[in-house]
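Written out below as structure tokens is the structure these notes cover.
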Amino acid sequence: MKKYLGFLVLAIIMLSVSCDKCEEGNIAEPASLFVNVIDATTLENVFVNESFTVQQISVKDLEEKLIPFVFEANNNLIRIFPSTKNLLQNTFVITLNNESTGSLKEITITYDIEATKQECYTSYKITNVQAPNNATEVINEIYQIKI
């Protein structure tokens, strides 16, 4: 009888413990967008034609807080990871500043965030991306912005 009682207690404990379907490492990738900055006159990427270098890039929100980004050298693209705190009417500014040539370009980007609740996390997607002062085109989810 003691064997069965021990088994019964163990079975009750196992059933009362919640089964967490979330696995370690099962998290959403951070929201980001890819930007290809193109010279409006030559239609070349400004990093390929060496108008600007990666060291001359800064990305900030309207409060002058730095926004993380990665320069993808293989494709000459800027991958930006903007804040997902506010879902609507967000803005950041990409600044390209080549002091040796005196060339300064600012690209204002507005965007919204779409939040989707998953079982273990919330995923965020950047939507409604606009560059109101620049001609913009989206090709394969990469924002082509002419300066």
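FYI, the numbering just counts along the sequence from 1.
Using modelled atom types and a 3.5 Å distance limit, the side chains of N49 and S51 yield a donor-acceptor pair. Looking at N97 and Q56, their side chains never bring a donor and an acceptor atom within 3.5 Å of each other.
I94 and L104 end up in different hydrophobic clusters when Ile, Leu, Val, Met, Phe, Trp and Tyr side chains are linked at under 4.5 Å. Side-chain heavy atoms closer than 4.5 Å link hydrophobic residues (I, L, V, M, F, W, Y) into clusters, and following such links, even through other members, never connects I126 to Y121. Linking Ile, Leu, Val, Met, Phe, Trp and Tyr residues whenever their side-chain heavy atoms come within less than 4.5 Å places V138 and I109 in a single cluster.
Using bins of under 30°, 30° to 60° and over 60° for the plane-to-plane angle, the ring pair F92/Y111 lands in the tilted bin.
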Legend entry - Worked check of side-chain hydrogen bond (donor to acceptor under 3.5 Å, both in side chains) between T136 and N134: CA-CA 6 Å; T136 307; N134 302 84; over 6 Å; no

Legend entry - Stepwise side chain to side chain contact (heavy atoms under 4.5 Å, CB included) test for I78 and V70: CA-CA 6 Å; I78 306 168; V70 174; over 6 Å; no

Legend entry - Test side chain to side chain contact (heavy atoms under 4.5 Å, CB included) applied to V37 and I147, step by step: CA-CA 7 Å; V37 183; I147 59 171; 3.7 Å; yes

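Nearest heavy-atom pair, N98 versus F52, reported as atom, atom and distance to 0.1 Å: N-CE2, 3.7 Å. For Y143 against L33, the heavy-atom pair with the smallest separation is CD1-CD1, 3.8 Å. The two residues I67 and K60 come nearest to each other via the heavy atoms CD1-C, 3.8 Å. Here the closest non-hydrogen pair linking L77 and F34 is CD1-CD2, 4.2 Å. Nearest heavy-atom pair across N76 and N36 is O-OD1, 4.0 Å.
You'll find the side chain of I57 reaches within 4.5 Å of the side chain of F69, heavy atoms only. In this structure, N133 and I107 have side chains that are not in contact, with every pair of non-hydrogen atoms separated by 4.5 Å or more. Looking only at side-chain heavy atoms (C-beta outward), V46 and I38 stay at 4.5 Å or farther from each other. Contact annotation: the side chain of T110 never approaches that of V129 to less than 4.5 Å [non-hydrogen atoms, C-beta and beyond].
Although no hydrogens or angles enter the test, the distance criterion places no donor-acceptor pair under 3.5 Å between the side chain of D39 and the main chain of L43. The backbone N or O of I142 lies less than 3.5 Å from no partner atom in the side chain of N140, so there is not a single donor-acceptor pair.
The pair K146-E44 does not meet the salt-bridge criterion, since no charged nitrogen lies less than 4.0 angstrom from a carboxylate oxygen.
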Atom pairs and distances, side-chain donor-acceptor, residues 80-91, under 3.5 Å, sequence neighbours left out:
{"from": "S83", "atom 1": "OG", "to": "K85", "atom 2": "N", "distance (Å)": "3.2"}
{"from": "N90", "atom 1": "ND2", "to": "N86", "atom 2": "O", "distance (Å)": "2.8"}

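With values rounded to the nearest 0.5 angstrom, E141 atom CD is found 10.0 Å from S32 atom OG.
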